[in-house]
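Here is the structure we will look at.
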Amino acid sequence: MSRHLLFFFLLLTTVAFGQQRPAKPLRAFMQATPSPKGAIQYGNNPKAGHYAQAGDAKIYYEVYGKGRPFVLLHGGMLGSTYEMHQFIDSLSRKYQVIAISTRGHGKSELGTAPLTYEQRAGDVLAVLKATTRDSAIVLGFSDGGFAGYKLASMYPERVRKLITIGASEVTAGQRQFDFSPQQALALDSAYVRQQQSLMLQPQRLGKMFTQVATLYNHLTVDRALMQSIQCPVLVMAGDRDEGNPVDRMYRTAQDLRRGQLGIIPNAGHGAFLSNFPAVWAGVVPFIK
């Protein structure tokens, strides 16, 4: 069976029989080893899950721990709340962790309007309004990092500090994204099936991929945006992240009013997935 036919077979199966509970435990995209038995199902945990209405979509989020609010924003397209599990485990001991499933991902609706980062910032704001009156520390990976920049620029009173991983300055057209569900299935079919089973609108998986790719192809994150951010910002990346080379990460940190830089050795785009201890060692002194 071709990858194209396989995708539509999975899609029709999900739609025909309703949302299926994902095989437990959950896993991140291309996760090399199985998740621990009994691991908390971050992104599909009814005990911690909530919805906030943000414009034309319901945004799903989970809350763990108590203390000052700490927002986590996962990566885009193939990202998930579960990929942030090490951050949730570590931060929920001292903070109120608010882990948001990005619009169109996991249990969050896609909505009807085209995706924008202004919209993403508005989604986070809606969740913050539903959970706390306090300002939050925000940590975003990749797509979540770009959303964090926009959030800190648009709603400075809501962001106390910002940490981004794998999110450097970029101009529209600098990188071309053209990635389909069929390609994702070929790389990690179990993960795609898992995420589709979580979706409120599983038939819109292809639409989500298309809209995210369009969003990335038109993305501009420049010095003007960096200069508009008032809070302290720690920008981090792996030294082998091809999409965010070290020299560009350095310029990004320099363009921020209160920027700091952390480079993780021998790590690619998902630096925290391959070397969480090194990333955590950089995060801890910054948030203190």
Side-chain angles (χ1 to χ4, degrees), residues 1-32 34-35 41-44 56-60 73-85 99-117 119-120 123 140-147 166-167 173 175-219 242-243 268-270 273:
M1 184 182 293
S2 71
R3 292 198 299 270
H4 183 78
L5 290 176
L6 176 60
F7 166 67
F8 282 100
F9 171 77
L10 294 172
L11 181 58
L12 289 172
T13 300
T14 304
V15 173
F17 295 101
Q19 290 184 1
Q20 305 297 316
R21 296 181 65 185
K24 291 190 175 182
L26 293 179
R27 57 194 292 274
F29 178 68
M30 297 293 287
Q31 185 171 310
S35 301
Q41 303 298 281
Y42 296 131
N44 189 36
D56 60 352
K58 292 193 299 183
I59 304 300
Y60 179 78
L73 303 174
H74 62 73
M77 195 172 285
L78 294 170
S80 67
T81 295
Y82 187 77
E83 74 186 13
M84 311 300 282
H85 68 276
I100 300 175
S101 292
T102 302
R103 178 180 288 249
H105 297 67
K107 292 187 169 185
S108 289
E109 290 181 332
L110 180 61
T112 56
L115 296 180
T116 68
Y117 278 104
Q119 179 191 65
R120 286 211 187 315
D123 292 347
F141 165 55
S142 192
D143 180 276
F146 294 126
R175 293 180 289 178
Q176 288 298 315
F177 287 87
D178 182 15
F179 196 74
S180 69
Q182 293 83 2
Q183 290 171 296
L185 277 165
L187 292 172
D188 192 340
S189 61
Y191 175 79
V192 176
R193 289 196 298 268
Q194 167 192 286
Q195 292 308 108
Q196 192 175 31
S197 71
L198 295 177
M199 295 178 69
L200 299 179
Q201 303 160 303
Q203 72 278 10
R204 303 195 73 190
L205 179 66
K207 182 71 171 179
M208 184 270 283
F209 270 63
T210 299
Q211 287 213 19
V212 171
T214 300
L215 175 66
Y216 292 168
N217 287 333
H218 293 87
L219 174 63
E242 294 182 357
H269 189 50
L273 295 170

* Evaluate the ring planes of Phe141 and His269, with Trp represented by its six-membered ring, and classify them as parallel (under 30°), tilted (30 to 60°) or perpendicular (over 60°). => tilted
* Asked: Could you state the interatomic distance from NZ (Lys107) to CG (Asn44), rounded to the nearest 0.5 Å?
  -> 4.0 Å
* Closest heavy-atom contact between Thr81 and Ala99? -> CG2-CB, 3.8 Å
* Which value, rounded to the nearest 0.5 Å, describes the distance between Phe29 atom CZ and Leu273 atom CG? -> 11.5 Å
* To do: Kindly state whether the ring of His74 and the ring of Tyr82 have centres lying under 6.0 angstrom apart.
  => no
* Just by modelled atom types, is the Ser180 backbone N or O under 3.5 Å from a matching donor or acceptor in the Gln183 side chain? -> yes
* To do: Please name the pair of heavy atoms, one in Ser35 and one in Arg27, separated by the smallest distance, quoted to 0.1 Å.
  => OG-CA, 3.8 Å
* To do: Show your working on side chain to side chain contact (heavy atoms under 4.5 Å, CB included) between Leu78 and Gln195 and close with a plain yes or no.
  => CA-CA 9 Å; Leu78 294 170; Gln195 292 308 108; over 6 Å; no
* To do: Would you check if the side chain of Arg204 reaches a backbone N or O of Gly111 as a donor-acceptor pair within less than 3.5 Å?
  => yes
* To do: Could you check whether the rings of Phe179 and Phe209 sit parallel, tilted or perpendicular, using 30° and 60° as the cut-offs?
  => parallel
* Nearest-0.5 Å distance that lies between atom CD in Glu83 and atom CG in Leu26 -> 12.0 Å
* For Gly173, does its backbone N or O pair with a side-chain atom of Asn217 as donor and acceptor, under 3.5 Å? -> no
* Asked: Can you check whether Met208 reaches Val212 side chain to side chain, under 4.5 Å on heavy atoms?
  -> yes
* Asked: Hey, is the main chain of His105 close enough, under 3.5 Å, to the side chain of Thr102 for a donor-acceptor pair?
  -> no
* **Nearest-0.5 Å distance that lies between atom OG in Ser108 and atom CE in Met199** => 10.0 Å
* **Nearest-0.5 Å distance that lies between atom CD in Gln196 and atom CD in Gln203** => 9.0 Å
* Measure across Met30 and Leu187 and return the closest heavy-atom pair with its distance rounded to 0.1 Å. => SD-O, 3.3 Å
* To do: Measure from the side-chain N and O atoms of Gln194 to the backbone N and O of Tyr191, and report whether any donor-acceptor pair falls under 3.5 Å.
  => no
* Asked: Are any non-hydrogen side-chain atoms of Ile100 and Asp123 less than 4.5 angstrom apart?
  -> no
* Note, Asp143 side chain near Tyr117 side chain (heavy atom, < 4.5 Å) -> yes
* Asked: Looking at Arg193 and Asp188, does any basic side-chain N land under 4.0 Å from a carboxylate oxygen?
  -> no
* Structure fact -> In terms of heavy-atom contacts, Ser142 and Gly75 come closest through CB-CA, 4.4 Å
* How long is the gap from CG on Leu185 to CG on Leu205, to the nearest 0.5 Å? -> 8.0 Å
* Would you say Glu109 and Arg103 make side-chain contact, with heavy atoms under 4.5 Å? -> no
